[in-house]
Amino acid sequence: MRLEKCWFCSSTIYPGHGIQFVRNDAKIFRFCRSKCHKNFKMKRNPRKVKWTKAYRRLHGKDMTQDSTFEFERKRNRPQRYDRINTEKVLQAIPKISKVKATRQKDHITKRLSVGRVNRRTEDRRELEQSISLVKAPSVLKEDATLTLPKQKVTVSYAQTENTPMEE
Amino acid sequence: MAARFLSKSSSGSSLLGALGTSLLGVGSVARQTTSNLTYSDIFFQQQRTFIQMGTKLKVVDNSGAKRVMCIQALKSKKGAKLGDIIIGSVKEAQPRGKVKKGDVVYGVVVRAAMQRGRCDGSHVRFDDNAVVLVNKQGEPIGTRVFGPVPHELRKKKHVKILALAEHIA
């Protein structure tokens with residue numbers, strides 16, 4: 001029994017699921033469900049379809065290089081059954097998948113943290129500039145506690161001279 | 001023959017339904033009959049069916065025949081699937097080959113566009129319908145087989161074809 005990867009979305013295909021399509025040049029395409037199969041028949045490129053793993057990896061949304069991926073590499077050489085080895089592997093699998101999941105989550109949080117910082121600075125700027133929408137400026141002047149602290153801003157343009165009006 | 005006639009008709013569901021029941025007889029309807037599909041959707045979402053009387057198949061060995069039309073699917077009322085034996089009439093043949101045009105031959109279906117379930121629960125389907133000509137005892141007439149073949153043939157005892165194959169799917 002071997003767990004394959006779907007050609008279109010790269011999810012694992014468990015036994016009893018999916019369809020295998022053999023092309024006449026003997027290339028085998030495995031699909032996890034009919035959604036992926038139908039997209040393939042429509043000749044869609046998985047690298048352009050947003051919900052596939054291929055797109056996400058290509059556009060840096062998901063982690064691409066990590067040592068935890070080495071464990072899942074396809075090995076074509078059959079191994080002699082070794083009971084101790086098998087038990088160790090079965091114990092290691094949940095640990096490895098937990099490490100992989102935390103690393104993937106960190107990758108995504110790191111990617112999204114830039115947006116969080118940007119949103120905070122935007123909010124602060126809006127608060128300083130548009131506080132008059134909340135309360136009128138005259139009210140703010142009367143009550144000292146409502147105003148924001150005054151900031152000195154240096155202006156660097158040349159001072160225009162007021163020409164006296166000609167009578 | 002029936003499938004091609006159906007493909008030329010438009011996407012009116014009642015028209016397809018009528019054609020299906022009248023022309024195919026025992027076989028199942030070869031097209032989906034939904035009304036809100038575009039032309040391209042219908043083209044890509046064919047319902048693949050059995051190999052039955054009138055199905056043209058490609059011959060993938062070097063016996064001399066090029067195309068064979070199925071005249072009888074042995075062992076099933078509905079039609080032949082992957083790995084079954086059919087009786088066919090040679091429609092197109094190479095000039096110097098072991099079989100001539102018009103011969104009635106036996107063939108083993110090695111590639112079928114209809115998916116076939118495997119014992120582990122998965123399904124396989126190929127790109128086209130292809131056949132390897134055999135004699136009454138089940139031995140292949142030709143000496144080479146082209147393209148991929150399924151390993152369903154092993155269970156059906158067509159070991160010689162598997163030995164000649166260049167790729168086993």
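Letters go in sequence order (proteins before strands), and every chain restarts at 1. Side chains included, hydrogens not; waters and symmetry mates left out as well; all remaining heavy atoms used.
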- Counting heavy-atom pairs under 4.5 Å to chain A, which of B/Gln115, B/Glu166, B/Arg111 comes out on top? B/Arg111
- Task: Select, from B/Arg125, B/His167, B/His123, the one with the greatest count of heavy-atom pairs under 4.5 Å involving chain A.
- Result: B/Arg125
- Message: Count I, L, V, M, F, W, Y as connected when their side-chain heavy atoms are under 4.5 Å apart, and connections chain through other members. Are B/Ile51 and B/Ile71 then in the same cluster?
- Response: no
- Task: Treating Ile, Leu, Val, Met, Phe, Trp and Tyr as nodes and any side-chain heavy-atom pair under 4.5 angstrom as an edge, say whether B/Leu153 and B/Val60 lie in one connected cluster.
- Result: yes
- Message: Quick check on the hydrophobic clustering: are A/Phe40 and A/Trp51 connected, directly or via other members, by side-chain heavy-atom contacts under 4.5 Å?
- Response: yes
- Message: With clusters defined by side-chain heavy atoms of hydrophobic residues (ILVMFWY) lying less than 4.5 Å apart, directly or transitively, does B/Ile87 cluster with B/Val68?
- Response: no
- Item | Hydrophobic cluster membership, B/Val59 vs B/Val105, 4.5 Å side-chain cutoff | yes
- Message: Quick check for you: among A/His37, A/Met1, A/His17, which has the greatest number of heavy-atom pairs under 4.5 Å with chain B?
- Response: A/His37
- Identify the two heavy atoms, one from A/Asn24 and one from B/Pro148, that lie closest to each other, and give their separation to 0.1 Å. O-CD, 3.4 Å
- Can you check whether A/Val22 reaches B/Val124 side chain to side chain, under 4.5 Å on heavy atoms? yes
